[in-house]
Structures are given as structure tokens and as C-alpha cells.
Trainee: 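Here's a structure for you.
Labels below follow one simple rule: chain letters A, B, ... track the order of the sequence lines, proteins then strands, and each chain is numbered from 1. Computed from a predicted model, the values in this text were never measured in an experiment.
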Protein chains: 2
Amino acid sequence: MTNNTPVTLKFLAEKLKMSVSTVSKALNNYPTINEYTKKRVQEMARDLHFTPNKSAINLKEKKSRIIGIILPNLLDHFFTRSIYGVEQFATQNGYNVIISQSHDDLEKEIQSANMLLRSRVDGLIVAISKQTQDFAHLDQFEQMGIPVVYYTRNPSFNLSCHKVLGNTFQGCYQATKFLIDRGHKKIAYLGGPKMINFTHDRFNGYINALKDNEVPFSAELVAYTDFDKENTISAISNLFANPENMPTALVAFKEPILFDAIKYLRSINHPNFNDIECIGFGNTSFISYLDSPPVASVEENPESVGENAIKLLLQLINKEIDIQNYQKVMVDCKLIVHK
Amino acid sequence: MTNNTPVTLKFLAEKLKMSVSTVSKALNNYPTINEYTKKRVQEMARDLHFTPNKSAINLKEKKSRIIGIILPNLLDHFFTRSIYGVEQFATQNGYNVIISQSHDDLEKEIQSANMLLRSRVDGLIVAISKQTQDFAHLDQFEQMGIPVVYYTRNPSFNLSCHKVLGNTFQGCYQATKFLIDRGHKKIAYLGGPKMINFTHDRFNGYINALKDNEVPFSAELVAYTDFDKENTISAISNLFANPENMPTALVAFKEPILFDAIKYLRSINHPNFNDIECIGFGNTSFISYLDSPPVASVEENPESVGENAIKLLLQLINKEIDIQNYQKVMVDCKLIVHK
DNA sequence: AACTACATTTCAAACGTTTGAAATAATTGC
DNA sequence: GCAATTATTTCAAACGTTTGAAATGTAGTT
């Protein structure tokens with residue numbers, strides 16, 4: 001029972017023996033249209049399953065009511081959870097969302113950007129790929145008057161863009177403070193790749209918490225990893241190498257590397273293993289299945305990051321904020337204590 | 001430096017003092033257009049950052065080159081991995097993908113469907129929500145000649161639709177056979193919600209493996225859970241209640257419930273705990289962090305499921321397969337042995 | 001009967017693109 | 001030098017919608 005003549009306004013108009021404009025206005029509930037006419041049109045539209053053609057509307061209205069999102073991937077729960085926040089608020093405001101993954105590949109990111117540009121999205125939310133150094137493909141949007149909000153991963157050096165970020169300094173400060181309050185004096189810090197802009201902020205949070213609480217800092221207790229498992233293991237074994245300066249606690253950049261670290265310490269039967277208390281960024285649901293779970297997690301509130309990004313973007317789209325008046329929004333982290 | 005006159009074909013035509021059609025044809029590399037003219041047009045288009053308006057093209061061409069995907073959520077790695085398969089093959093063939101989450105809510109699923117219909121997607125891939133009983137919102141697509149492929153979650157009773165499914169029977173058969181080959185005689189089966197159409201297939205895989213290998217079946221060794229943690233615990237404690245009929249192995253419907261089961265058995269210090277070998281569907285990356293990991297996982301190959309879905313959909317779109325000639329594609333699972 | 005006032009409907013252009021047909025320009029053959 | 005051919009460009013309609021302006025219809029007033 002496939003229908004071949006598409007049900008358009010024109011088609012409805014012919015059926016009802018009235019003009020296309022009357023049909024259009026009736027469906028859009030114009031006050032100048034007679035109530036009885038409206039009823040007839042709306043019934044016919046319903047019965048014939050009239051579905052307005054979004055392309056035609058976009059063309060006419062010069063807007064798409066679509067928000068584009070570009071992010072590295074959908075396997076990281078941070079991103080999928082952030083999408084939830086975006087979607088929620090976007091649909092409430094009559095916008096739809098197109099998600100595009102860059103897979104941390106610049107070429108793919110450029111393709112995604114061009115696709116979204118051709119689709120004339122009304123705004124863009126983007127977490128850049130690890131490779132992104134040049135921003136021409138993203139700058140195009142602002143040049144066409146389409147606002148862009150960078151979230152989480154952003155061009156840190158560039159002040160001339162809108163940003164929504166997790167307050168990773170505050171998160172790391174809080175985590176460190178928590179461990180200090182539990183009596184730890186030797187708190188190790190396992191950082192992420194130095195290229196990622198968060199790495200410094202988190203380290204500063206750590207340092208500042210130590211300082212504010214008069215816990216001496218030791219460079220020996222700081223190491224970095226690039227997320228690679230072997231790299232993590234060598235970093236962690238350095239941290240726990242000196243018996244004179246043995247950490248009793250650990251703050252890690254992200255939970256997966258923390259899990260690698262815990263696993264390693266356990267595998268070598270580290271003598272102090274059972275006394276070490278750990279915290280990582282993430283708050284993965286799998287924590288409940290671990291036998292030696294972290295003592296707490298820094299919850300980055302991805303939904304809230306997403307929500308703040310879309311809220312800012314909608315304000316920019318609606319010109320409640322000038323597109324050149326660059327905003328920076330920080331979303332606080334929350335410490336989740338597991339035991 | 002925001003540009004206010006949009007760069008359209010008309011704008012380029014005026015700049016170049018030629019007609020809109022020449023510009024259009026030059027950009028689309030028509031053979032009737034003079035080479036030098038093409039060069040001039042293409043250069044101008046590049047310099048002025050001309051970006052064709054997809055809405056206008058869609059309207060003219062009566063197709064969008066967009067594939068819609070509706071799925072329950074993006075937090076389940078099965079779905080995000082399947083998207084990867086879809087996206088990969090779709091972009092290779094010049095299609096873009098719009099993803100929409102139903103959050104297992106019928107109302108949201110209907111909204112998503114209508115949105116995608118208005119966007120005139122060229123095809124739809126859908127994993128239905130748990131609530132979906134009525135399919136009017138999805139049947140609309142076929143009525144408009146837009147092909148729909150159901151994947152994974154599908155209307156099991158309905159033969160008149162295209163389906164791509166994991167071969168869950170084969171997966172469960174293989175898992176059970178593996179345990180039998182390792183010498184187990186008492187293999188428990190922890191099934192998922194009975195409403196989900198896979199539940200039966202998996203159970204049949206289990207039963208048939210037992211039968212084919214002459215291992216006696218015992219109804220006491222079968223229990224079901226609806227994914228709820230308490231429900232899982234009560235199921236698992238039933239399975240491991242009778243000392244006369246104590247399982248030495250367990251096949252579970254999905255890894256999260258398997259993890260709940262393992263955790264419970266460990267927490268009660270079950271005497272046989274260290275001898276129990278388990279297998280679940282999923283192959284989560286977190287397995288490597290567990291202290292008592294499953295002996296193997298049934299990998300459902302989500303990427304391949306996604307790839308098969310998009311391949312079928314493109315064949316339907318290109319009318320290589322008649323839309324009424326309903327297809328059913330099964331994707332085999334693969335047993336991943338962990339130790 | 002003529003005029004005003006209002007309610008309702010229709011006209012017509014526009015959005016940015018594509019494309020077959022028609023028009024024009026350039027080249028060739030004689 | 002002119003018709004015939006071929007190369008190149010332009011015309012014009014179409015896709016499905018929206019919307020201000022214009023047209024039409026209907027009642028009410030004098």
C-alpha cells in the first residue's frame with residue numbers, strides 16, 4: 001500500500017478545493033482563517049498523514065532548528081552522558097540534534113563540520129579531536145554567523161571562543177582535600193597526557209589543596225601517563241618505588257588509568273596495597289563490580305556540562321548574548337564517596 | 001568579520017557575471033561547461049567559501065542522503081558500537097546519519113520517528129523501545145516508500161519487516177558447548193526478561209547444546225531476571241541453593257547481570273566460588289579489571305550488526321531489493337576466551 | 001442603494017538549487 | 001561568405017513551504 005503522490009500542501013489544497021496558502025495558514029493556526037476551515041484542513045491533513053517537508057521549511061525560514069554536535073567518540077561515557085543533557089534541553093526548545101563522531105581524526109572532524117555546515121545547523125557544540133590544531137573548519141561557522149560552543153576539549157590558547165568546561169581544578173582540589181582529611185600525608189598524583197589542557201588544571205588543584213592544608217609537596221609523588229597501559233604501569237611503578245617516600249593515597253586523572261594502576265599494584269602484591277586509597281575522575285558504573293574499588297570518584301557531571309553548553313548556544317542563537325561576547329562557563333565537579 | 005550576504009549560486013553568478021545555471025553546472029562538473037569557466041567558478045566558490053544549501057538540494061532532488069537511526073540509548077556499548085558500523089559504511093556511500101534516542105520511552109520514540117520523517121530521511125534503522133507494541137509511527141515510513149530496517153530489538157511476531165539480528169541462538173549454543181567441553185555437567189542458565197525476544201533463542205541455544213552433547217537438562221538450573229539487581233540476586237540464589245544439584249558453571253544473558261551474580265556469590269562466600277566458570281553476553285572492556293573475570297564472553301559483534309543493517313538498507317534504498325521482499329539477516333556471535 | 005468595516009481567502013514572490021530545452025556563440029567545411 | 005555543425009550559456013520551471021499584500025465576500029449602517 002505504498003502511496004506514490006506525496007501529500008503536500010498543494011495536494012491537500014486540491015482535495016479541499018482551496019488555495020495552498022489557506023491550507024498552510026490553517027495548519028499553522030492563523031487567526032484570519034475561519035474556524036470551520038481550519039477544522040476541515042486539519043482533519044484532512046491528519047487522515048492523509050500529511051508530514052511537512054522540513055527541507056522546504058528550512059529553505060524558506062533560513063533556519064533548520066538543528067543543533068550539530070561533533071565529538072571524538074560515543075564509547076566514552078562522558079560524551080554520551082553529555083549528549084543526554086544537550087538533547088533534553090534542545091528538544092524542549094524545539095531543536096533537534098545531529099551527532100557526528102570525529103574518532104579523534106582531524107580529517108573526519110573536517111568532514112563532519114562541512115556536513116553540518118551544508119545542513120545549515122543553527123548552532124554547533126564541539127569537543128575537538130586530539131589532532132585539532134588548526135580551526136579553519138570550525139571558524140567557518142562563526143563566519144557564517146552560526147554560533148559555536150566548545151565544550152570539554154577546547155582550544156585552550158584561544159580566548160575568542162565560547163567554552164563550557166568541567167571545573168577540573170575544583171574537582172581535583174576536592175579529591176585531594178578529601179584524602180588529606182582522611183589523614184593522608186603522602187598523596188601521589190597520576191596525571192594524564194601533558195598536551196590535554198585539563199592536565200595542568202588538575203595538577204594545580206592537587207598542588208593547591210596540598211598547600212592550603214600544609215601538606216608538603218614532593219615531586220617524586222607526581223607522574224604522567226598518556227593513557228597507554230604500559231605507560232601507566234611504568235608511571236605507577238615509579239610512584240611506588242621509593243620505600244622512604246611511599247604514597248598511601250593516589251589521585252588519578254581518569255578512572256581507566258586508575259583501574260590499570262590498581263590492577264598493577266595488586267598484581268605485584270604491593271605490601272601496602274590494602275592501605276592505599278584512590279580517587280579518579282569519572283565515576284564509572286562498573287566501580288561497583290571491583291573488588292578493590294576507589295574510595296571516591298570525581299563525578300564530572302557530564303549531563304550538566306551538556307546542558308550548560310546547549311543553554312549558552314541557545315542564548316547565542318537567540319541573540320540574547322552577542323556572538324562576539326565570548327563566554328566561559330565552568331561546571332563544578334562533585335565528589336562521590338563510595339565507602 | 002561576520003558575512004551577512006549569504007554566498008549562494010546567485011551571489012556567485014552575479015560576481016562572475018554569468019547565469020546561475022552556469023555556476024551550478026560548473027560546480028557539478030558538467031561536460032558542456034567550458035573548462036576555463038569551470039576553473040573561474042570553482043576558484044570563486046572556494047575563495048568565497050561557498051557551501052551548498054542542503055535543504056535546497058534535498059527539496060529539488062527529493063532525497064536527503066540522510067539515514068535515521070532510532071535506538072533506546074547511547075549508554076549501552078552494544079548500540080554505540082553498532083553505530084560505528086553504520087556510520088562507517090554510510091559515509092563511504094555518501095550518506096549522513098542522524099541518531100535519535102528513545103530512552104526506552106514510546107512517546108519519545110514517536111517524536112523521534114516524526115522528526116526523522118519530517119527530515120525526509122532516505123531510510124531508517126531502528127532498535128525499538130521496550131514499550132513499543134504499536135508500530136504506526138514506524139509503519140508510516142514504508143507507507144511513504146522509505147525503507148526501514150529493524151535491528152536487534154524488533155517486533156518478533158511480525159514477519160513483514162526487514163531485520164538484522166545477532167545470532168543469539170548460535171552464541172548461546174557455543175558458550176554452553178564450550179563449558180561442556182571443559183568438563184562441566186551442571187551448567188546453570190540465567191536468562192533475561194521473558195518479554196525480550198532474544199530470551200527464548202538464547203535458552204534454546206543452551207538447551208540444544210546440552211541435548212547434542214548428552215548433558216541432562218535440569219529445570220532447577222534455569223532462572224530469569226529482569227535486569228533489576230535484587231531480582232538477579234534472588235534468581236542466582238535459587239540457582240545455587242540445592243547442594244544436591246550444585247552448578248559448576250553459569251551462562252548469563254548479559255554481562256552486567258553476570259557481574260551482579262558473581263559479586264553476590266563472592267559476597268556470600270559461596271564454597272564452590274573459585275570453581276565456578278561463567279560466561280555472559282557482551283565482552284565489556286571492563287572485564288580486564290575484574291578479579292574474578294568470566295572465563296569467556298559471547299561477543300555479539302555490534303559493528304557487524306550495524307554494518308549489515310546499513311548494507312541492507314542501502315540495497316533497499318537503491319531498489320536492488322524490493323521493499324516488500326522482507327529480509328532477515330543473522331550475524332554470528334563469537335566466543336572470546338579470556339583465560 | 002451605496003458605503004464602510006470586517007472576515008476570510010487568494011495571489012505572488014521568495015528561499016537555493018537542478019536540469020532539459022532553447023538560445024546564442026564559435027568553429028568548420030565548402 | 002554562408003550554412004551547418006558543435007560548443008557553450010541561458011531560460012524557465014520545479015521542488016514544498018511561508019507570508020505580506022491584494023482581492024473577495026459578507027454584514028451592518030445610513
Trainee: Closer than 4.0 angstrom, basic N to acidic O: yes or no for B/Arg153 and B/Asp104?
Mentor: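 Looking at B/Arg153 and B/Asp104, the cut-off is met.
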Trainee: Remember a base hit wins even if backbone is also touched, and classify B/Asn28 as base, sugar-phosphate or nothing at under 4.0 Å, heavy atoms.
Mentor: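 Since only primed, P, OP1 and OP2 atoms lie under 4.0 Å of B/Asn28, the category is sugar-phosphate.
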Trainee: Considering only D/dT18, D/dG16, C/dT18, which nucleotide approaches the side chain of B/Ser24 most closely?
Mentor: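 Closest nucleotide among those given: C/dT18.
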Trainee: Please report the distance, rounded to the nearest Å, between CZ in A/Phe11 and C1' in D/dG16.
Mentor: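 So the two atoms are 14 Å apart, to the nearest Å.
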Trainee: Which residues, if any, of residues 112-123 of chain A bring a heavy atom under 4.0 Å of DNA chain D?
Mentor: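 None, since no heavy atom is under 4.0 Å.
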Trainee: How close or far is atom P of C/dC15 from atom CG of B/Asn53, stated in whole angstroms?
Mentor: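 Atom-to-atom, B/Asn53 to C/dC15, this comes out as 12 Å.
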Trainee: Whole angstroms only, please: what is the CD-P distance between A/Glu35 and C/dT9?
Mentor: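 Checked: the CD to P distance equals 10 Å.
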Trainee: Which of the following nucleotides, D/dT19, C/dT17, D/dT8, is nearest to the side chain of B/Thr32?
Mentor: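 For B/Thr32, the side-chain atoms sit closest to D/dT8.
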Trainee: Can you confirm whether more than 12 heavy atoms, excluding those of A/Lys38, are under 6.0 Å from its NZ atom?
Mentor: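 Enclosed.
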Trainee: Please report the shortest heavy-atom distance between A/Tyr151 and A/Ser82, naming the atom on each side.
Mentor: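 Distance-wise, the nearest heavy atoms are OH-OG, 2.9 Å.
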Trainee: If you check the B/Asn34 side chain, which of D/dT8, C/dT17, D/dT19 turns out closest?
Mentor: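 So the nucleotide nearest the side chain must be D/dT8.
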Trainee: Round to the nearest Å and state the distance from A/Lys62 atom NZ to C/dC15 atom P.
Mentor: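 The answer, rounded to whole Å, is 6 Å.
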Trainee: Rounded to the nearest Å, what distance is computed from the NZ atom of residue B/Lys38 to the P atom of nucleotide D/dA7?
Mentor: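 That distance rounds to 13 Å.
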Trainee: Just to be sure I understand the rule, does A/Ser55 reach a base, reach only the sugar-phosphate, or reach nothing, if contact means heavy atoms closer than 4.0 Å?
Mentor: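 Nothing, no nucleic acid heavy atom in range.
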Trainee: Aromatic rings A/His162 and A/Tyr326: how do their planes relate, parallel, tilted or perpendicular, breaks at 30° and 60°?
Mentor: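 Geometry flag for A/Tyr326 against A/His162: tilted rings.
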Trainee: So does B/Gln133 have more than 12 non-hydrogen atoms from other groups sitting under 6.0 Å from CD?
Mentor: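 Counting neighbours around CD of B/Gln133, 12 or fewer heavy atoms of other residues, nucleotides or ligands fall under 6.0 Å, so no.
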Trainee: Taking B/Lys108 for its side chain and B/Gln101 for its backbone only, find out whether a donor-acceptor pair lies under 3.5 Å.
Mentor: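 Yes; at least one donor-acceptor contact below 3.5 Å.
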Trainee: Would you mind reporting whether B/Asn154 and B/Leu165 have side-chain heavy atoms less than 4.5 Å apart?
Mentor: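 They are in contact (side-chain heavy atoms under 4.5 Å apart), so the answer is yes.
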Trainee: Without decimals, in angstroms, what is the distance between A/Glu14 CD and D/dG16 P?
Mentor: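 Interatomic distance, CD of A/Glu14 to P of D/dG16: 11 Å.
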Trainee: Run the salt-bridge test on B/Asp122 and B/Lys62 with the 4.0 Å N-O cut-off and return the result as yes or no.
Mentor: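 Judged by the 4.0 Å cut-off on N to carboxylate O distance, B/Asp122 and B/Lys62 do not form a salt bridge.
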Trainee: Can you tell me which residue among A/Ile128, A/Val126, A/Ile83 is in a side-chain contact (heavy atoms from CB on, under 4.5 Å) with A/Leu71?
Mentor: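 Per the side-chain contact (heavy atoms from CB on, under 4.5 Å) rule, the option paired with A/Leu71 is A/Ile83, out of A/Ile128, A/Val126, A/Ile83.
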Trainee: Heavy atoms under 4.0 Å, any strand shown: does B/Phe50 hit a base, just sugar-phosphate, or nothing?
Mentor: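 Sugar-phosphate only.
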Trainee: Rounded to the Å, how far apart are B/Asn58 CG and C/dT18 P?
Mentor: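 These atoms are roughly 11 Å apart.
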Trainee: What pairs of nitrogen or oxygen atoms, one from the protein and one from nucleotides 10-13 of chain D, lie under 3.5 Å apart?
Mentor:
from: D/dT10; atom 1: OP2; to: B/Ser19; atom 2: N; distance (Å): 2.9
from: D/dT10; atom 1: OP2; to: B/Ser19; atom 2: OG; distance (Å): 3.3
from: D/dT10; atom 1: OP2; to: B/Thr22; atom 2: OG1; distance (Å): 2.7
from: D/dT10; atom 1: O4; to: B/Lys25; atom 2: NZ; distance (Å): 2.8
from: D/dC11; atom 1: N4; to: B/Ser21; atom 2: OG; distance (Å): 2.9

